[in-house]
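Computed from a predicted model, the values in this text were never measured in an experiment. So you know, we letter chains A, B, ... as the sequences are listed, proteins then strands, and number each from 1.
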Amino acid sequence: MAKRYWLFKTEPDVFSITDLKKSPKQTTCWEGVRNYQARNMLRDDIQVGDGVLFYHSREKPMNVAGTATVVKAGYPDKYQFDPKSKYYDEKASKESPRWFLVDIKLDKMFKNPVTLDEMRTMKGLDDMVLLRKGSRLSIQPVSAGEWKIVCKKGG
DNA sequence: GCCAACGTTGGC
DNA sequence: GCCAACGTTGGC
């Protein structure tokens, strides 16, 4: 399957790209996604080798801070089975897990993080899911063209 | 299966 | 911190 591209949102005070850099092997599992649309993408669509734009939300200025690569495709999120976790879901079972996650590895930290305002003014990003009004998905598809434009700008 | 109420997200 | 947009829940 052809390589695809995605955008993962995170709040930097919860997990930033610097945290990813400091992680063992600069790899982390992307746990805690509890939205069905995002779940479907994690489970069905995101493949090893796919590119990820690492987006910081709720930070000033909001920005794409760098890129990552998917190193492990969709598998059940173990936190859904852990009653102590805030991600616990009593309706999930190991036989039919409800929530999935992938592992990603840091690729590049952008020299110049690309801010939301900049992306609004850049050519070729008009259809980007992130820029659509009311777009709240924490995992979004990104086109190859959008990927190229953002990476080029980021350095 | 509809939809009002409620909770959360996230840009501002 | 506010609040519009959106997703989920639960009563009917």
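- Partners of A/Arg132 according to the salt bridge (charged side-chain N to carboxylate O under 4.0 Å, His left out) rule, which considers only residues two or more places apart in sequence or in another chain, do not exist here.
- Looking at residues 78-87 of chain A, you'll see that no heavy atom sits under 4.0 Å from any atom of DNA chain B.
- Going from atom CD1 of A/Ile139 over to atom C1' of B/dT9 covers 15 Å, rounded to whole Å.
- Summarising the geometry, the separation between NE2 on A/His56 and P on B/dT9 is reported as 17 Å, rounded to the nearest angstrom.
- For the OP1/OP2 pair of B/dG11 and a distance below 4.0 Å, the side-chain nitrogens and oxygens of A/Tyr55 include at least one atom meeting the criterion.
- In this view, A/Glu59 and A/Pro12, A/His56, A/Asn63 satisfy the side-chain contact (heavy atoms from CB on, under 4.5 Å) rule, not counting sequence neighbours.
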As a quick check of understanding, evaluate side chain to side chain donor-acceptor pair (under 3.5 Å) for A/Asp103 and A/Trp30, giving each step before the final call. CA-CA 6 Å; A/Asp103 290 355; A/Trp30 203 257; over 6 Å; no

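- Rounded to whole angstrom, the span from the OH atom of A/Tyr36 across to the C1' atom of B/dT9 amounts to 18 Å.
- Here B/dC12 presents its C1' atom at 7 Å from CE of A/Met62, a figure rounded to the nearest Å.
- A/Arg132 comes within 4.0 angstrom of no nucleic acid atom, judged by non-hydrogen atoms across all strands.
- Taking A/Glu11 as the reference, A/Asp13, A/Val14, A/Ser57, A/Arg58 meet the side-chain contact (heavy atoms from CB on, under 4.5 Å) condition, with sequence neighbours excluded.
- Rounded to an integer number of Å, the gap from CG of A/Asp89 to P of C/dT8 is 12 Å.
- Separating the CG atom of A/Leu137 from the P atom of B/dT9 is a distance of 13 Å, rounded to the nearest angstrom.
- In this entry the distance linking CG of A/Asn35 with C1' of C/dT9 reads 15 Å, nearest Å.
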Whether each nucleotide of nucleotides 2-7 of chain B has a protein heavy atom under 4.0 Å at its base (B), only at its sugar-phosphate (S) or at neither (-) is summarised, 5' to 3', as ------

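- Looking at residues two or more places apart in sequence or on another chain, you find a side-chain contact (heavy atoms from CB on, under 4.5 Å) between A/Pro61 and A/Thr115.
- When side chains are defined from C-beta on, A/Pro141 does not count as touching A/Arg4, because their heavy atoms never get closer than 4.5 Å.
- Regarding A/Gln37, its CD atom lies at a distance of 15 Å from the P atom of B/dT9, rounded to whole Å.
- Pairs engaging residues 62-120 of chain A under the ring pair (Phe, Tyr, Trp, His ring centres under 6.0 Å) rule: A/Tyr36-A/Trp99 [sequence neighbours left out].
- With sequence neighbours excluded, the residues forming a salt bridge (charged side-chain N to carboxylate O under 4.0 Å, His left out) with A/Asp89 are A/Arg98, listed by chain and number.
- In terms of the salt bridge (charged side-chain N to carboxylate O under 4.0 Å, His left out) criterion, residue partners of A/Arg34 (sequence neighbours excluded) are, by chain and number, A/Asp77.
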